[in-house]
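This structure is in structure tokens; I'll ask about it shortly.
Just so you know, these numbers come straight off a predicted model, no measurement behind them. Counting starts at 1 for both ligands and their atoms, in listed order. Heavy atoms only: backbone and side chains are in, while hydrogens, waters and symmetry mates are out.
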Amino acid sequence: MEFLSGNEAIARGAWEAGCHIGTAYPGTPSTETMETFATLPDVYAEWCPNEKVALEVAMGASAAGARVLVTMKHVGVNVCADPLFTASYTGVNGGLLLLAADDPGMFSSQNEQDSRYYAMASLVPILEPSDSQEAYDLAKAAYGLSEEFDVPFMIRSTVRISHTKTPVEVGQREAVPVKPYETDPAKWVMMPAFAKPRRKVVVKRVEAMKQWVETCPFNRIERGDDSIGIICAGAVYEHIKEACPDVSVFKLGVTWPLPAQALRDFAQSVDKVYVVEEASTYLSDAVRACGVALDEFVVPLPPDGEVHPEDILRSLGRPLPPHRDTPQDVPGRPPALCPGCPHRLVFKELARLKAIVTGDIGCYTLGALPPLSAMDTTLDMGASVSMAHGFELALAGSEHRPVVGVIGDSTFAHSGLSSLVNTVYNRGAGTICILDNRTTAMTGQQGNPFNGITLQDRESTELNLPAILEALGVDHVSVVDPLDMKAVRATLKEAVSRDELDVIIFQSPCVLLSKEKEPTYFVNEKCRACGVCVSLGCPAISTDRESGFTSIDPELCNGCGQCEQYCAFGAIEQA
Ligand SMILES: Cc1ncc(C[n+]2csc(CCOP(=O)(O)OP(=O)(O)O)c2C)c(N)n1
């Protein structure tokens, strides 16, 4: 018995199923799955620059006969949707399991989306565990099923499953040889002449899977009081068991395709039937489409965010328990860039320039929050570069504020590169800042092509960022230390004064990469309480509410010296 998170359990299940290869792009809440898999014996695992590449590598390995695990967060499925939809046509050779880790409640995501829609739309089956034991069991079983039905399988977790540790009865790794590969264009070359017959294969397979799912052991009915029947899956099942353990439950372990007949029979066997789900109407719509007439809740479930046990009680018109959490009593802890973060000064200077800043996704998205407040847009990974180009196009010919795109190194490798190719190709202008902190900081410091660190510490090559930019045809490329206020200010000023494309690489390692701490700073008697140092938003600097004077917490300060450069009175000194 081991105590595993859902992520660890999926990695373990895949490993025991003899999975040979893992590919992924990090993203919360999925990241630890591939990090765990990479540590297990006799496997190869790699970070890819994005999820499309990860799935394509996985499909290549599967075609060649290996069993493969590919992991990502929910928005990653958008990025790999193109290969996913056609992988449903080609099918697999070695079994393939794709983890989509959803984030209802958006603890660390830019949107709330339900990966089950992808399963339904691409006709790829999706499994849904409700604890780590099931995550392990389903991941392990998925490989044989993927090979039997000749289709990739998806497994959907949500943040509560991904990150909650529960006991798991683990087993042994099966020795599964890599299957032989034989050239078969009718299966693997998806052009119309071959895709049309494969489409017929897909249609037949869907019928076979619909039969399988009617009696599949991953779906089960737990009989209770038959006045209420609840259909559910995933983490929501646990909340139902907590809120109303007395009701009858149809717990789905496969949420596409659905067991239509079994669901109709269940609905017939109870007086009232409901679907409980969170942040989506996928399941209720799909259950209705099976011919089940769902009853109306007394109080509708929340249309967005996570569902909690008290929401379920309220929806059934049941009394709430006397002791409830009072979240209002918990002090807010808004996220902030770390003390010493090398992203800070760039935002401070962009705010001074009153630039329109098209942002991107990474730690540096925090530059949007007060007191830095220096970001106008954030859409998806890579959009900073392409949206900057769009702003420049729309504002061309008018007097306008400088347009600056800000993107991290990992995000630039993910999809910023192709956006920049577009800007160069179409003779776009504007300034792009690549905040190269030598890591993928936001998701826990994974390697990426621009620092050359690989998942299993294999030898690699660090891609030469300035050389790539020059080769792309960017005329103005500079590399600047983002901890040097004068250099940041001067380089940005020069770049925005030109009506041409400039790319500035701000290069300094993430402060969390270095364990060494420089001597800290303190505020001396020259302080005039002007508040400029506070406007950097460093968590180590605070203001006395009454006097307005500032102080620096030596525990938090790591001696980066950014604040000292902004103090006009010499009031910040190194200890
Ligand atoms: C399509 C997609 N995949 C993954 C993520 C998760 N994610 C958010 S930011 C980020 C990378 C951040 O690294 P970098 O651009 O180097 O910036 P840093 O955090 O180091 O400042 C990742 C992987 C996401 N938001 N969207």
Tell me, which protein residue and heavy-atom name are nearest atom 15 (O) of ligand 1, and how many Å apart are they?
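Answer, as residue, atom name and distance: Thr411 OG1, 2.5 Å.
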
Identify the closest protein heavy atom to atom 21 (O) of ligand 1: which residue and atom is it, and at what distance?
His343 NE2, 2.8 Å

Does ligand 1 have an atom that lies less than 4.0 angstrom from a heavy atom of Gln110?
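True for this residue.
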
Cys363, any N or O under 3.5 Å of ligand 1 N or O
yes

Is it the case that the side chains of Ser162 and Ser157 hold a donor-acceptor pair, with the cut-off being a distance below 3.5 Å and no angle test?
yes

To the nearest 0.1 Å, how far is atom 17 (O) of ligand 1 from its closest protein heavy atom, and which atom is that?
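Answer, as residue, atom name and distance: Tyr364 CE2, 3.1 Å.
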
Ion pair check, Glu8 and Lys165, cut-off under 4.0 Å
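The answer is yes: the pair qualifies as a salt bridge.
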
Would you tell me whether Thr440 and Ser410 have side-chain atoms, one donor and one acceptor, within less than 3.5 Å of each other?
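Yes.
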
Side-chain donor or acceptor of Gln113 paired with backbone N/O of His74 under 3.5 Å
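Pair found, side chain donor or acceptor close to backbone of His74.
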
Return the option from Gly362, Ser108, Ser410, Ser109 holding the heavy atom at the smallest distance from atom 14 (P) of ligand 1.
Ser410

For atom 8 (C) of ligand 1, find the nearest protein heavy atom and state the residue, atom name and distance (0.1 Å precision).
Ile361 CG2, 3.5 Å

Test of understanding: with salt bridge (Lys or Arg N to Asp or Glu O under 4.0 Å), list the residues that count as partners of Glu494, not counting sequence neighbours.
Arg498

Side-chain donor or acceptor of Thr166 paired with backbone N/O of Ser132 under 3.5 Å:
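Yes; judged by distance alone, with no hydrogens or angles, the pair exists.
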
Name the residue from Arg116, Arg160, Arg156, Lys73 that meets the salt bridge (charged side-chain N to carboxylate O under 4.0 Å, His left out) definition with Asp102.
Arg156

Modelled atom types, side-chain donor and acceptor of Glu32 and Thr36, under 3.5 Å
no

Report the part of Thr443 (side chain from C-beta onward, or backbone N, CA, C, O) that has a heavy atom under 4.0 Å from ligand 1; answer both or neither where that applies.
side chain

Ligand-residue contact atoms, ligand 1 with Gly27, heavy atoms, under 4.0 Å:
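Those of ligand 1 that fall under 4.0 Å from Gly27 are 6 (C).
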
Backbone, side chain, both or neither: what part of Lys73 comes under 4.0 angstrom of ligand 1, heavy atoms only?
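It is the side chain that touches ligand 1; the backbone stays farther off.
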
Subset of ligand 1 atoms that lie under 4.0 Å from at least one heavy atom of Val79:
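Under 4.0 Å from Val79, ligand 1 has these atoms: 1 (C).
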
If the plane angle is over 60° it's perpendicular, under 30° parallel, otherwise tilted; pick one for Tyr364 and His343.
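The arrangement is perpendicular - the two ring planes meet at more than 60°.
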
Where does Tyr25 meet ligand 1, judged by heavy-atom distances below 4.0 Å: at the side chain, the backbone, both, or neither?
side chain

Starting from atom 20 (O) of ligand 1, find the nearest protein heavy-atom neighbour and note its residue, name and distance.
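Checked against all protein heavy atoms, atom 20 (O) of ligand 1 sits closest to Ala441 N, 2.8 Å.
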
Looking only at side chains, do His414 and Asn448 share a donor and an acceptor under 3.5 Å apart?
no

May I ask you to list the atoms of ligand 1 that are less than 4.0 angstrom from any heavy atom of Met442?
9 (S), 19 (O)

Identify, for atom 3 (N) of ligand 1, the protein heavy atom at the shortest distance, and state residue, atom and that distance.
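Atom 3 (N) of ligand 1 sits closest to the protein heavy atom Glu51 OE2, 2.6 Å.
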
Let me know which of Ser460, Cys48, Pro49 forms a side-chain contact (heavy atoms from CB on, under 4.5 Å) with Pro449.
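Among Ser460, Cys48, Pro49, the one that satisfies the side-chain contact (heavy atoms from CB on, under 4.5 Å) with Pro449 is Pro49.
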
If you measure from each non-hydrogen atom of Thr439 to ligand 1, which part falls under 4.0 Å: side chain, backbone, both or neither?
backbone

Partner residues of Gln574 under the side chain to side chain donor-acceptor pair (under 3.5 Å) criterion, sequence neighbours left out
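Testing Gln574 for side chain to side chain donor-acceptor pair (under 3.5 Å), a comparison that skips the adjacent residues, returns none.
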
Side chain, backbone, both or neither: which part of Met381 comes within less than 4.0 Å of ligand 1 when only heavy atoms are counted?
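Met381 to ligand 1: side-chain contact only, backbone stays beyond 4.0 Å.
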
Is ligand 1 under 4.0 Å from a heavy atom in the side chain of Asp409, in the backbone, in both, or in neither?
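Under 4.0 Å from ligand 1, Asp409 contributes backbone and side-chain atoms.
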
Would you kindly specify which portion of Thr440 sits under 4.0 Å from ligand 1, judged on non-hydrogen atoms: side chain, backbone, both or neither?
both

By number and element, which atoms of ligand 1 are closer than 4.0 Å to a non-hydrogen atom of Asn437?
18 (P), 20 (O), 21 (O)

